[in-house]
Amino acid sequence: MRADGTVASHGFGRYSVCHCTDTDSQAAAAQRKKQSADIAKRGHWVAAAHLPFPGIGHLRADGKGYDWVPANYAALR
């Protein structure tokens, strides 16, 4: 999945999309951009309810945005 914010509907990389709870939308956008870059660089796990199943994975830098790389998932037998 190509992801160009913090939820898949906004996409990773579209930081100007603000959330109604942002009290300072410019500072919030800058923080989301900084966090996405750090997460991708360090290979941290990301987990959120608004990401595609299984809702846990990694960000991979790709140009001006990020690719969402979901965790491998297999059913237990």
Side-chain angles (χ1 to χ4, degrees):
M1 172 186 169
R2 172 67 184 165
D4 281 330
T6 57
V7 296
S9 62
H10 292 157
F12 296 98
R14 293 179 53 203
Y15 304 105
S16 62
V17 175
C18 67
H19 303 269
C20 62
T21 57
D22 291 342
T23 56
D24 182 338
S25 60
Q26 289 182 339
Q31 184 63 23
R32 285 192 287 273
K33 183 177 181 179
K34 178 181 174 185
Q35 289 297 311
S36 293
D38 188 55
I39 289 166
K41 179 181 177 183
R42 295 173 183 257
H44 289 303
W45 287 98
V46 176
H50 299 288
L51 294 172
F53 183 83
I56 185 169
H58 297 279
L59 296 181
R60 180 176 51 216
D62 182 21
K64 293 184 179 182
Y66 296 88
D67 287 328
W68 170 248
V69 182
N72 288 332
Y73 175 82
L76 298 175
R77 297 179 191 237

State which residues pass side-chain contact (heavy atoms from CB on, under 4.5 Å) with Q31; sequence neighbours excluded, sorted by chain then number.
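Applying side-chain contact (heavy atoms from CB on, under 4.5 Å) to Q31 gives K34, Q35.
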State which residues pass side-chain contact (heavy atoms from CB on, under 4.5 Å) with N72; sequence neighbours excluded, sorted by chain then number.
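Counting only residues at least two positions away or on another chain, N72 forms no side-chain contact (heavy atoms from CB on, under 4.5 Å).
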Would you give me the side-chain donor-acceptor pairs under 3.5 Å for residues 39-46, sequence neighbours excluded?
residue, atom, partner, partner atom, Å
R42, NE, D38, OD1, 2.6
R42, NE, D38, OD2, 3.4

Give, for atom NE2 of H58 and atom CH2 of W68, the distance between the pair rounded to the nearest 0.5 Å.
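H58 atom NE2 to W68 atom CH2 measures 8.5 Å (nearest 0.5 Å).
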